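Every value quoted in this text rests on a predicted model; they were computed, and no experiment measured them. We name chains A, B, ... by the order of the sequence lines, and we start the count at 1 in each one.
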There are 2 protein chains.
Amino acid sequence: MRPPTIRDVAERAGVSKSLVSLVLRGSEQVRPEKREAVLAAVDELGYRPNAAARSLSERRTRTVGVLLHDMRNPWFVELLDGLNSRLHDNGLRMLLADGHLNRRLGEDLTRTFTELRVDGLIAVGTLPPSEALRTAAAQVPTVVAGAREPTLPHVDVVAGDDQLGARLATEHLIALGHRRIGHIAGDGVVGALRRRSFETVMREHGLSDLAAVERGDLTEEGGYRATVRLLSAPERPTAVLAFNDMSCVGALSAAEELGLSVPRDLSLVGYDNTYVSRLRHLWLTTVDNASHDVGRRAAQSLLDRIADPTRPAQVVLTTPTLEIRGTTSPPAGR
Amino acid sequence: MRPPTIRDVAERAGVSKSLVSLVLRGSEQVRPEKREAVLAAVDELGYRPNAAARSLSERRTRTVGVLLHDMRNPWFVELLDGLNSRLHDNGLRMLLADGHLNRRLGEDLTRTFTELRVDGLIAVGTLPPSEALRTAAAQVPTVVAGAREPTLPHVDVVAGDDQLGARLATEHLIALGHRRIGHIAGDGVVGALRRRSFETVMREHGLSDLAAVERGDLTEEGGYRATVRLLSAPERPTAVLAFNDMSCVGALSAAEELGLSVPRDLSLVGYDNTYVSRLRHLWLTTVDNASHDVGRRAAQSLLDRIADPTRPAQVVLTTPTLEIRGTTSPPAGR
DNA sequence: GACCAGCTTTGGACCGTTCCAGAACGTACG
DNA sequence: CGTACGTTCTGGAACGGTCCAAAGCTGGTC
């Protein structure tokens with residue numbers, strides 16, 4: 001007993017399959033009574049169009065593939081929300097795939113998506129550099145969202161302005177009176193941008209000598225370890241700017257373990273304004289990247305690129321804001 | 001310039017399209033030199049099979065759709081990992097869709113998946129009851145993972161044993177010496193099971209009168225508010241069993257706000273062993289549902305059901321374990 | 001050399017849609 | 001009444017694969 005096809009519907013409604021197709025695609029050129037008949041037949045049979053057949057014939061899928069770096073890191077949820085709403089408004093559906101899960105299996109997600117012939121590809125977050133993405137991007141309109149790399153010929157990049165974000169955070173700490181400030185640095189271009197911006201601002205305030213940087217990864221563990229290193233310096237910083245919220249939580253634990261009270265003895269700033277930072281018990285001061293907006297704009301970029309695949313690559317940056325919560329205050333001595 | 005088809009490959013390799021198809025599907029019946037020629041042509045042209053065409057002809061997609069309840073709640077990540085690895089081993093790919101994002105848009109994900117003619121459907125977590133899922137489940141093999149509902153005719157359920165999990169947690173608290181114990185109750189069947197099990201264990205120990213229950217939702221906010229209510233009772237509990245980790249974090253905040261130290265003045269137990277509970281700064285004692293295992297078994301159930309769609313619905317329960325961390329200890333008075 | 005079996009290879013039908021050219025059916029007009 | 005033109009409807013050809021029956025090769029045997 002196979003699912004009904006458009007021909008079954010046609011037969012039942014007493015019309016040709018072409019007319020059914022017309023009705024289903026919302027044509028105006030159909031007499032109301034026939035339309036009724038077709039819709040009734042669709043309903044009675046529980047007909048659902050076959051997406052494969054449709055996309056084979058239409059040569060497009062109205063589907064975009066979203067490559068996630070790793071679902072364990074919750075920063076992208078808002079972004080997806082923005083992405084999805086804008087795509088949905090334009091009749092595109094979104095399919096997700098998590099790189100982390102599949103990478104372990106040695107599977108290449110871009111392959112899945114290119115076989116599916118998605119109309120577009122969105123890479124969310126910094127993906128490990130891969131030849132696969134490069135070739136995929138050459139064949140299907142692609143946008144990178146919430147990351148700054150890779151930079152490829154016809155690939156747009158939509159992300160928060162990391163330079164500005166790190167500046168806001170650093171200036172906030174300096175304005176509070178902090179002088180000796182540490183930074184937990186992250187990976188890749190994003191990591192480099194935030195770090196450089198931190199250093200620049202410190203220099204602008206004549207505080208270069210009081211800036212300390214330790215490398216973390218993007219995890220809590222990494223943040224913890226980097227903070228332990230920062231705080232074991234002879235003169236320890238009174239504030240730390242973390243690369244992201246996760247490593248900021250690690251910093252929080254490190255502070256606690258060393259008997260430092262946050263924010264009294266140590267101010268902390270995270271980055272991304274994830275829901276983790278909003279947990280009351282953590283309540284991190286953090287930089288908000290306007291992720292929802294990043295998502296929406298990424299969707300728009302993709303739509304534009306689908307319309308004109310050859311236009312030059314763009315970089316769109318959103319303006320971050322500082323979200324001041326409970327982990328920052330003036331340093332104790334002041 | 002369209003992507004190459006199997007016919008382009010055939011022409012280039014100087015064979016028929018049928019032979020190309022044979023090679024690509026790994027037939028043994030092909031002479032090595034032809035195989036080489038075909039593979040070379042595939043490589044030179046960058047040929048990728050068209051999934052739509054293939055599934056149209058094969059009448060299956062080798063794809064299963066995964067419906068997520070809400071990505072904001074991180075408990076399912078492990079589950080997906082288990083799911084994915086088992087499915088992958090059996091040549092199935094997994095497509096994700098988040099219900100929360102799309103529900104707002106009024107879009108019905110089961111519709112998307114049925115149009116794609118996925119070979120199977122996995123509902124992860126408690127989804128809002130929907131007619132759509134019921135009809136979808138009638139047409140395509142479906143498994144519910146990490147939730148206990150809905151119960152539908154040919155739908156398997158794979159989840160942690162909530163009764164046992166709540167028992168482990170409650171007994172742990174009682175063994176530590178707690179007598180007056182509160183519970184933050186959750187929604188749905190899962191919520192009811194955990195709650196009832198909590199009450200049963202309390203009764204078994206003659207502590208029925210000292211058990212207090214407040215309803216939370218599944219969020220931090222809900223946990224916070226429920227805890228405030230629990231702690232404002234004239235005789236306040238010395239321990240709280242939360243429905244999940246998120247609401248446990250809310251409880252943590254409530255305790256902090258009321259000047260109670262955890263675990264000295266108040267012991268807390270979460271549920272799900274999410275990465276949030278593993279954050280060093282929170283370090284929640286929690287119940288581990290063996291999510292990875294739930295995922296693997298759900299995949300197996302789906303595979304079995306695809307093989308025999310009419311077999312009766314099964315309920316598979318995994319055995320939870322207690323993960324004792326930093327939020328439980330004997331009560332202060334003891 | 002004819003015949004057969006077994007291995008390789010092939011052409012064509014089919015999967016369920018969309019799209020397009022043209023047929024059928026009014027309807028208005030000279 | 002014949003013609004022209006709009007509107008509605010239809011059959012058949014794609015789309016890019018898989019599958020199957022049958023054809024083409026090989027080599028061995030009598």
Side-chain angles (χ1 to χ4, degrees), chain A residues 1-39 41-42 45-63 91 111-112 114-119 139, chain B residues 1-39 41-42 45-63 91 111-112 114-119 139:
Chain A
M1 218 216 55
R2 306 205 306 233
T5 73
I6 201 171
R7 284 168 228 268
D8 299 326
V9 174
E11 191 175 345
R12 176 141 195 153
V15 299
S16 73
K17 61 172 183 31
S18 304
L19 187 65
V20 175
S21 174
L22 242 25
V23 169
L24 292 177
R25 279 171 302 124
S27 162
E28 295 296 314
Q29 311 281 69
V30 176
R31 257 191 315 200
E33 62 262 37
K34 297 260 180 179
R35 184 193 311 280
E36 296 303 316
V38 168
L39 292 177
V42 163
L45 296 176
Y47 168 77
R48 288 273 167 276
N50 180 323
R54 175 178 301 202
S55 64
L56 186 56
S57 172
E58 273 191 316
R59 311 31 205 292
R60 62 175 184 157
T61 51
R62 294 169 194 278
T63 297
R111 189 188 183 97
T112 303
T114 48
E115 293 190 0
L116 251 23
R117 299 286 194 272
V118 292
D119 294 343
Q139 310 188 41
Chain B
M1 214 214 59
R2 307 204 307 233
T5 74
I6 199 172
R7 288 167 223 266
D8 298 327
V9 175
E11 190 176 344
R12 176 144 196 149
V15 299
S16 72
K17 64 177 179 28
S18 304
L19 187 66
V20 176
S21 174
L22 241 26
V23 170
L24 291 177
R25 279 172 302 124
S27 164
E28 295 297 311
Q29 311 279 72
V30 176
R31 255 191 315 204
E33 62 263 36
K34 298 258 181 182
R35 183 192 312 281
E36 296 304 317
V38 169
L39 292 177
V42 163
L45 296 175
Y47 169 77
R48 289 274 166 276
N50 179 323
R54 173 177 299 191
S55 65
L56 186 57
S57 164
E58 272 190 316
R59 296 78 170 287
R60 62 179 183 150
T61 51
R62 295 171 195 277
T63 297
R111 189 188 184 95
T112 303
T114 49
E115 293 189 359
L116 288 173
R117 299 287 193 272
V118 291
D119 294 343
Q139 311 189 45

J.: Rounding to an integer number of Å, can you tell me how far A/Arg7 CZ sits from D/dT10 P?
T.: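 To the nearest whole Å, that distance equals 14 Å.
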
J.: Give A/Ser18 one of three labels, base, sugar-phosphate or nothing, depending on what nucleic acid heavy atoms sit under 4.0 Å from its own.
T.: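 If one applies the 4.0 Å heavy-atom cut-off, A/Ser18 turns out to touch a base.
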
J.: Counting side-chain heavy atoms from CB outward, which of C/dT18, D/dC19, C/dT8 is closest to B/Arg25?
T.: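 The answer is D/dC19.
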
J.: Where the side chain of A/Ser21 is concerned, which of D/dT10, C/dT9, C/dT18 is the nearest nucleotide?
T.: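 The listed nucleotide nearest to A/Ser21's side chain is C/dT18.
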
J.: So what does A/Arg35 hit on the nucleic acid, given a heavy-atom distance under 4.0 Å: a base, only sugar-phosphate, or nothing?
T.: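 Counting heavy atoms under 4.0 Å across all strands, no contact is made by A/Arg35.
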
J.: Need one value for A/Lys34: base, sugar-phosphate or nothing, where a base atom within 4.0 Å counts as base even if backbone is also close, heavy atoms only.
T.: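 If one applies the 4.0 Å heavy-atom cut-off, A/Lys34 turns out to touch the sugar-phosphate alone, with no base involved.
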
J.: For B/Leu56 and C/dT18, what is the distance between atoms CG and P respectively, to the nearest whole Å?
T.: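 Checked: the CG to P distance equals 12 Å.
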
J.: Classify the side chain of A/Ser57 versus the base of C/dT17 as yes if they form a donor-acceptor pair under 3.5 Å and no if they do not.
T.: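 Present.
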
J.: Closest-nucleotide mapping onto DNA chain D: is A/Arg59 or A/Val30 further toward the 5' terminus? I mean the 5' end.
T.: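 Counting from the 5' end, the first nearest nucleotide belongs to A/Val30.
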
J.: Using atom types as modelled and distance alone, determine if a side-chain donor or acceptor of A/Ser57 lies under 3.5 Å from a backbone N or O of A/Arg54.
T.: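 Not a single qualifying donor-acceptor pair exists.
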
J.: Could you tell me the separation between the CZ atom of A/Arg48 and the P atom of C/dT17, rounded to a whole number of Å?
T.: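 Rounded to the whole Å, the gap is 12 Å.
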
J.: Establish whether the base of D/dG16 is bridged to the side chain of B/Arg54 by a donor-acceptor pair shorter than 3.5 Å.
T.: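 Donor-acceptor pair under 3.5 Å: no.
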
J.: Of the nucleotides C/dT18, D/dG17, D/dT18, which has the atom closest to the B/Ala53 side chain?
T.: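 Output: D/dG17.
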
J.: As a test of reading the structure: which of D/dT10, C/dG16, D/dT18 is closest to the side chain of B/Ile6, going by heavy atoms?
T.: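 Looking only at side-chain atoms, B/Ile6 lies closest to D/dT18.
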
J.: Write down the distance between CG (A/Asp8) and C1' (C/dC15), rounded to a whole number of angstrom.
T.: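 Rounded to whole Å, this separation is 13 Å.
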
J.: Considering only heavy atoms and no angle criterion, is a donor-acceptor pair shorter than 3.5 Å present between the side chain of A/Arg60 and the base of C/dT18?
T.: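 For A/Arg60, whose side chain was compared with the base of C/dT18, there is no donor-acceptor pair (under 3.5 Å).
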
J.: Rounded to whole Å, please give me the gap between CG in B/Leu22 and P in D/dA22.
T.: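 The distance from CG of B/Leu22 to P of D/dA22 comes to 18 Å, rounded to the nearest Å.
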
